[in-house]
Amino acid sequence: MSENRNKKSLNFIEEIIETDRAAGKHHGRVHTRFPPEPNGYLHVGHAKSICLNFGLAQKYGGKCNLRFDDTNPVKEEQEYVDSIIEDIKWLGWDWEDRLLFASDYFERMYELGVQLVRAGKAYVCDLSAEETGLYRGTLTKPGEGSPFRSRSVDENLDLFERMRKGEFPDGSRTLRAKIDVASPNMNLRDPVMYRILHAPHHRTGDTWCIYPMYDWAHGLEDSIEGITHSICTLEFEDHRPLYDWFLDALDVFHPQQIEFARLELAYVVLSKRRLLELVEEKHVSGWDDPRMPTISGMRRRGYTPESIRDFCERIGVAKFNTRVDMALLEFCVRAHLNKTSPRVMGVLDPLRLVIDNYPEEKEEQLDAVNNPEDESAGTRKVPFSRVLYIEKNDFLEDPPRKFHRLTTGREVRLRYAYFITCTKVIKDENGNVVELRCTYDPNTRGGDAPDGRKVKGTIHWVSAAHAVDAEVRLYDRLFTIENPLGDKDGADYRTFLNPNSLEVLRSCKVEPSLTGAEPGTRVQFERHGYFCVDINDSAPGALVFNRTVALRDSWAKIEKKRKR
RNA sequence: UGCCCGGUGGUGUAAUGGUAACACACCAGGUUUUGGUCCUGGCGUUCCAGGUUCGAGUCCUGGCCGGGUAACCA
């Protein structure tokens with residue numbers, strides 16, 4: 001088979017990179033960066049960008065910097081810096097010694113600002129923010145030049161220096177690039193480079209009272225770090241001419257800005273501002289609420305870094321906005337967890353079951369396979385006795401067709417244990433089933449009948465005397481519609497919060513092997529799904545499990561169809 | 001309303017002028033001590049109209065539709 005046939009197709013960014021390398025641009029070097037603003041927690045949309053940038057560097061033997069774009073002191077906090085570092089590390093990426101901050105370049109940026117003023121390409125403007133907007137014109141109306149546009153170089157130099165020294169109040173002056181006030185591209189209508197902000201910065205303290213704007217700062221940051229390919233999202237497309245203009249005007253190292261479509265996910269919102277609102281308004285318990293699409297939320301929910309990276313690879317990279325199906329994310333996490341999660345038995349909604357012909361005092365240790373996908377995971381012993389718990393919905397007195405579970409008079413298998421037959425149903429005064437009486441076949445130990453007879457159903461169980469109590473939290477999608485932000489009638493996205501996104505089960509019974517389970521431990525509760533010991537709320541003696549994702553459930557599908 | 005970008009199954013992507021393909025989802029079947037996993041099969045796609053070409057999803061023109069854009073935010 002030829003090399004070519006096996007070659008995976010390239011996305012458009014890889015094509016650009018390979019073309020550049022073939023042409024010997026930057027001597028074939030690839031250097032990217034992930035540049036978060038530390039004003040919120042990272043979410044799965046950021047994961048896409050992180051995997052893209054770090055992944056590209058890895059693929060082409062290059063480097064990727066982690067750089068905090070901390071140019072706006074009033075919005076940014078150390079807490080966010082810490083969480084971002086933790087999240088990217090957890091995702092499995094390494095920036096080596098290149099933990100960088102835009103704020104470390106403030107002095108150099110200032111020098112370059114002076115250079116631009118000297119070149120007659122920037123000026124100090126005394127217009128207020130409101131006036132600046134007025135002069136800028138509109139989408140259809142060209143702007144007009146600021147009355148301060150033709151100040152002399154000397155005056156500009158003097159004023160800019162005094163801006164830095166703190167002689168002027170907030171908002172009284174700006175440094176602006178002198179480009180084209182009538183440009184059809186609004187970004188080129190003499191954009192602001194520096195604003196006066198007497199605010200302490202989380203890293204530079206009160207060293208500065210002027211702070212650079214994004215358009216001015218970002219290209220410089222990339223240039224200073226020798227970034228070859230500066231990858232950002234689509235909304236910066238219109239900013240690219242400005243990115244290029246600054247770098248050309250300064251005649252410094254010139255990275256290439258490339259824009260791609262940000263990730264949208266069905267049934268959640270991926271916007272730092274909205275996520276912050278959900279946290280502040282207590283619709284969720286915090287940034288790491290397992291329902292949140294944040295990295296920390298997904299980590300707590302039980303997602304693995306591998307599955308998130310796999311997802312980011314599968315969704316691809318394009319130049320048009322798309323909304324990815326949650327089913328793909330769930331597929332990725334199931335695929336990884338299926339290979340790696342030990343199987344255990346846990347009863348979420350217990351129903352008492354007594355085996356009448358099993359001796360009162362008897363107790364057995366039965367062998368159970370830890371992971372059928374991984375022989376090296378070995379086996380464990382599970383205690384069995386006369387009184388068990390099974391799942392309430394594994395018994396139906398009057399079952400529909402195709403129901404293979406327990407019903408009166410039917411024989412089923414208890415996983416890894418025995419065949420049992422239900423002989424009697426005990427109900428309370430309201431007619432609710434409260435206990436099942438059964439008989440077992442002692443010859444079926446382990447779950448096989450020596451006479452070769454088969455049973456249709458296998459159900460899980462926990463020995464009542466040995467069971468460990470646990471709380472289990474089931475999660476569902478946070479919103480009831482695919483695009484909570486895009487309602488046709490303009491309804492607020494909060495309208496679509498799913499009231500049933502969290503269900504807490506407090507009387508669950510799990511097998512004793514889970515007794516000392518460490519926070520963060522991932523398991524599969526057989527026939528239910530993948531669960532993770534909660535890293536905040538679980539304690540020895542008071543286990544709390546989060547459901548990461550349910551197993552595919554073809555019985556539920558049959559049921560659903562039947563009910564229609 | 002100006003400017004910029006983009007339209008391929010239900011969803012996400014591939015095909016780089018030469019048989020429209022892959023994954024998810026969905027449907028049907030097989031295996032199974034998890035109604036899981038795994039295996040087999042099926043479903044279904046180039047926004048529209050012209051043009052160039054032996055040949056167009058791909059190139060050109062026009063239209064339609066969608067997104068972005070008027071912070072001293074990033």
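All values reported here derive from a predicted model rather than from experimental measurement. Lettering of chains follows the sequences in order, A, B, ..., and the numbering in each one begins at 1.
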*What interatomic distance, in whole Å, is found between C1' of B:C59 and the corresponding atom of B:U46?*
15 Å
*According to the salt bridge (charged side-chain N to carboxylate O under 4.0 Å, His left out) rule, which pairs have a member within residues 124-143 of chain A, sequence neighbours left out?*
A:D126-A:R151, A:D126-A:R173
*What integer number of Å spans the P atoms of B:A20 and B:A15?*
16 Å
*asked:* Checking contacts here: which listed nucleotide (B:G35, B:A25, B:G12) is nearest the side-chain heavy atoms of A:I315?
replied: B:G12
_Check the phosphate of B:G35 against A:R527, side-chain N and O only, distance under 4.0 Å to OP1 or OP2. Yes or no?_
yes
*Could you check whether A:P241 gets within reach of a base, just the sugar-phosphate, or nothing at all, counting any heavy atom under 4.0 Å?*
nothing
*Looking for any heavy atom pair under 4.0 Å, which part of the strands does A:A556 touch: base, sugar-phosphate only, or nothing?*
nothing
*Using atom C1' of each nucleotide, how far apart are B:G57 and B:C47 to the nearest Å?*
12 Å
_For B:A71, glycosidic torsion class - syn if within 90° of 0, otherwise anti_ = syn
*Over how many whole Å does the gap from A:R323 atom CZ to B:G10 atom P extend?*
17 Å
*Which pairs, with at least one residue in residues 259-268 of chain A and sequence neighbours excluded, count as a side-chain hydrogen bond (donor to acceptor under 3.5 Å, both in side chains)?*
A:E235-A:R262, A:R240-A:E259, A:Q257-A:E259
*Not counting sequence neighbours, which residues clear salt bridge (Lys or Arg N to Asp or Glu O under 4.0 Å) with A:R149? List them please.*
A:D190
*Can you tell me how far P in B:U34 sits from the matching atom in B:U13, rounded to whole Å?*
37 Å
*To the nearest angstrom, how far is A:L10 atom CG from B:U13 atom C1'?*
13 Å
Please enumerate all protein N or O atoms sitting under 3.5 Å from an N or O of nucleotides 19-21 of chain B, with distances to 0.1 Å.
none

*Mind checking salt bridge (Lys or Arg N to Asp or Glu O under 4.0 Å) for A:K557 and listing every partner two or more places apart, or none if nothing turns up?*
none
*asked:* From C-beta outward on A:T322, which listed nucleotide comes closest to its side chain: B:G36, B:A25, B:G12?
replied: B:G12
_Which residues pass the salt bridge (Lys or Arg N to Asp or Glu O under 4.0 Å) test with A:E237, not counting sequence neighbours?_
A:K319
*Looking for any heavy atom pair under 4.0 Å, which part of the strands does A:R405 touch: base, sugar-phosphate only, or nothing?*
base
*Looking across every strand, which nucleic acid part, if any, lies under 4.0 Å from A:F260 by heavy atom: base, sugar-phosphate, or nothing?*
nothing
*asked:* Please pick, from B:G36, B:G12, B:U34, the nucleotide with the shortest atom-to-atom distance to any side-chain atom of A:R415.
replied: B:U34
*Could you work out the separation of B:C39 and B:C24 based on their P atoms and round it to a whole Å?*
10 Å
*Quick check: are there more than 12 heavy atoms from other residues, nucleotides or ligands sitting under 6.0 Å from CD of A:E144?*
no
*Say you pick atom C1' in B:U69 and the same atom in B:U53; how far apart are they, in whole Å?*
38 Å
*Might you work through the side-chain hydrogen bond (donor to acceptor under 3.5 Å, both in side chains) test for A:S230 and A:R33, ending with a clear yes or no?*
CA-CA 7 Å; A:S230 175; A:R33 100 268 94 113; 3.2 Å; yes
*Using whole Å, report how far NZ of A:K319 lies from C1' of B:G6.*
8 Å
*asked:* Using whole Å, what does the distance between atom C1' of nucleotide B:A15 and atom CG of A:N11 come to?
replied: 15 Å
*Can you name the residues that form a salt bridge (Lys or Arg N to Asp or Glu O under 4.0 Å) with A:R164, not counting sequence neighbours?*
A:E107
*For A:K59, does the NZ atom have more than 12 heavy-atom neighbours from other residues, nucleotides or ligands under 6.0 Å away?*
yes
*When you compare B:G68 with B:C72, how far apart are their C1' atoms, in angstrom units rounded to a whole number?*
22 Å
*ring-ring contact (aromatic ring centres under 6.0 Å, His included) between A:F384 and A:Y418, intermediate numbers included*: CA-CA 10 Å; A:F384 183 85; A:Y418 294 96; 5.3 Å; yes
*For atom P, what is the distance between B:G12 and B:G17, given to the nearest Å?*
25 Å
*List in chain and number order the residues that pass side chain to side chain donor-acceptor pair (under 3.5 Å) with A:Y41, two or more places apart in sequence or in another chain; answer none if no residue qualifies.*
A:E79
_Qualifying residues under side chain to side chain donor-acceptor pair (under 3.5 Å), relative to A:S554, sequence neighbours excluded_ = none
_Using whole Å, what does the distance between atom C1' of nucleotide B:G12 and atom OH of A:Y267 come to?_
16 Å
*Flag the pair A:H528 / A:H460 as yes when their ring centroid distance falls below 6.0 Å, and as no otherwise.*
yes
*Residue mapping more 5' on RNA chain B - nearest nucleotide basis, A:E373 or A:A318*: A:A318
*If each of A:R445 and A:F331 is mapped to the nucleotide of RNA chain B with the nearest heavy atom, which maps nearer the 5' terminus, i.e. the 5' end?*
A:F331
*Hey, does A:R314 reach any base, or is it just sugar-phosphate, or nothing, if we go heavy atoms under 4.0 Å?*
sugar-phosphate
_Pair A:R203 + A:E76: basic N to acidic O under 4.0 Å_ = no
*Taking atom P of B:U32 as reference, at what distance in whole Å does atom CG of A:D448 sit?*
12 Å
*Of all residues at least two apart in sequence or in a different chain, which pass the side chain to side chain donor-acceptor pair (under 3.5 Å) check with A:Y530?*
A:Q524
*In whole angstroms, how far is the P atom of B:U11 from the CZ atom of A:F311?*
16 Å
*So what's the dot-bracket for RNA chain B: Watson-Crick or G-U pairs under 3.5 Å, [ ] if a pair crosses, | if it pairs off-strand?*
.((((((..((((....[..)))).(((((.......)))))....(((((..]....))))))))))).....
*Do any side-chain nitrogens or oxygens of A:K561 fall under 4.0 Å of OP1 or OP2 in B:A28?*
yes
*asked:* Using whole Å, what does the distance between atom P of nucleotide B:G12 and atom CZ of A:R262 come to?
replied: 16 Å
*Please confirm whether any donor atom in the side chain of A:R552 sits under 3.5 Å from an acceptor in the base of B:G35, or the reverse.*
no
*Base, sugar-phosphate, or nothing: which does A:K141 touch, judged by heavy atoms less than 4.0 Å apart?*
nothing
_Footprint string (nucleotides 65-74 of chain B, 5' to 3'): B base within contact, S backbone only, - free, heavy atoms under 4.0 Å_ = --SBBBSBBB
*How is A:E259 classified with respect to the nucleic acid when contacts are heavy atoms under 4.0 Å: base, sugar-phosphate, or nothing?*
nothing
